[in-house]
Amino acid sequence: MNKRQNIVTMKGNPITLLGNEIKVGDNAPDFTVVDNDLNPFVFSSEPASVKIISVVPSLDTSVCEFQTTHFNETASELGDVKIITISVDLPFAQKRFCVGKGIDKVKVYSDYKDLSFGLNYGFVMEELRLLARGIVVIDKNNKVTYVEYVKEATDHPNYDKAIEEARKLI
């Protein structure tokens, strides 16, 4: 298994990332995660569309909450762009979060079971078994067009840059 160092920190502490680093130009790897009702979601089953994958360590933190609610609010401005949020929070907690925060335009999935997304996209923080914060933008042909691994996991990603990249693909 690929282990990468010096990519991200958590509260200043170096973290090891597991999995393959995803890069612009790569074909978006397939993955299986779980929806809020414990049903599997297979990424390759999604119809061809522009996608933003918003990756968060835990919805129970202020930055992750902001990241998810921000993309939910922005979704209506992006038309047919599908926005997916992935964390390793349990589906029950995700469902409670979505209901409580009115998350209705972003699909929220859990990678708690197999870390399928995290390992295929290189976002698993080995020491914490959480996903590192980041954003991946994928075009209609399932090519990666933008990737951000946020250097400090408690910092915000570059929302404007990710949205700008997605808009270029519409």
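As the structure is a computational prediction, the values presented were derived from the model and not from experiment.
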Would you say [X]'s side chain and [Y]'s backbone share a donor-acceptor pair under 3.5 angstrom?
{"X": "R133", "Y": "V150", "value": "no"}
{"X": "E148", "Y": "V136", "value": "no"}
{"X": "N72", "Y": "V106", "value": "yes"}
{"X": "Q67", "Y": "H156", "value": "no"}
{"X": "T9", "Y": "K11", "value": "no"}

To the nearest 0.5 angstrom, please state how far the [atom1] atom of [X] sits from the [atom2] atom of [Y].
{"X": "L128", "Y": "I15", "atom1": "CG", "atom2": "CD1", "answer": "4.5 Å"}
{"X": "T85", "Y": "F71", "atom1": "OG1", "atom2": "CZ", "answer": "7.5 Å"}
{"X": "D26", "Y": "Y121", "atom1": "CG", "atom2": "OH", "answer": "9.5 Å"}
{"X": "L169", "Y": "D139", "atom1": "CG", "atom2": "CG", "answer": "6.0 Å"}
{"X": "I86", "Y": "Y109", "atom1": "CD1", "atom2": "OH", "answer": "8.5 Å"}
{"X": "F123", "Y": "S87", "atom1": "CZ", "atom2": "OG", "answer": "13.5 Å"}

Quick check on the hydrophobic clustering: are [X] and [Y] connected, directly or via other members, by side-chain heavy-atom contacts under 4.5 Å?
{"X": "L115", "Y": "F31", "answer": "yes"}
{"X": "I84", "Y": "V147", "answer": "yes"}
{"X": "V137", "Y": "I22", "answer": "no"}
{"X": "I135", "Y": "M125", "answer": "no"}
{"X": "V108", "Y": "V34", "answer": "no"}

Using every non-hydrogen atom in the two residues, find where [X] and [Y] come nearest and quote the distance to one decimal.
{"X": "L59", "Y": "C64", "answer": "CA-CB, 4.0 Å"}
{"X": "E77", "Y": "E73", "answer": "OE2-O, 4.4 Å"}
{"X": "S49", "Y": "K82", "answer": "OG-CG, 3.4 Å"}

Using distance alone, with no hydrogens and no angle criterion, decide if [X] and [Y] have a side-chain donor and acceptor under 3.5 Å apart.
{"X": "E165", "Y": "T145", "result": "no"}
{"X": "S58", "Y": "D89", "result": "yes"}
{"X": "N36", "Y": "Q94", "result": "yes"}
{"X": "N27", "Y": "N142", "result": "no"}

Basic-acidic side-chain contact under 4.0 Å: [X], [Y]:
{"X": "R167", "Y": "E164", "result": "no"}
{"X": "D37", "Y": "K95", "result": "yes"}
{"X": "E126", "Y": "K3", "result": "yes"}
{"X": "K51", "Y": "E46", "result": "no"}

Here's a test for you: under side-chain contact (heavy atoms from CB on, under 4.5 Å), which of V33, D30, T32, N120 qualifies with F43?
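For F43, the side-chain contact (heavy atoms from CB on, under 4.5 Å) check succeeds only for D30.
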Side chains of [X] and [Y], heavy atoms from C-beta outward: is any pair under 4.5 Å?
{"X": "F117", "Y": "V55", "value": "yes"}
{"X": "E21", "Y": "N2", "value": "no"}
{"X": "P57", "Y": "L131", "value": "no"}
{"X": "H70", "Y": "S54", "value": "no"}

Evaluate the criterion side-chain contact (heavy atoms from CB on, under 4.5 Å) for residue pair T154 and M10; output intermediate values, then yes/no.
CA-CA 6 Å; T154 60; M10 173 66 95; 3.8 Å; yes
May I ask you to establish whether R4 and Y149 are in a cation-pi arrangement, using a distance under 6.0 Å from NZ or CZ to the six-membered ring centre and at most 45° from the ring axis?
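That pair qualifies as a cation-pi contact.
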For K101 and E65: C-alpha separation, side-chain torsions, deciding distance, then whether salt bridge (charged side-chain N to carboxylate O under 4.0 Å, His left out) applies.
CA-CA 9 Å; K101 299 296 178 186; E65 177 183 326; 3.1 Å; yes
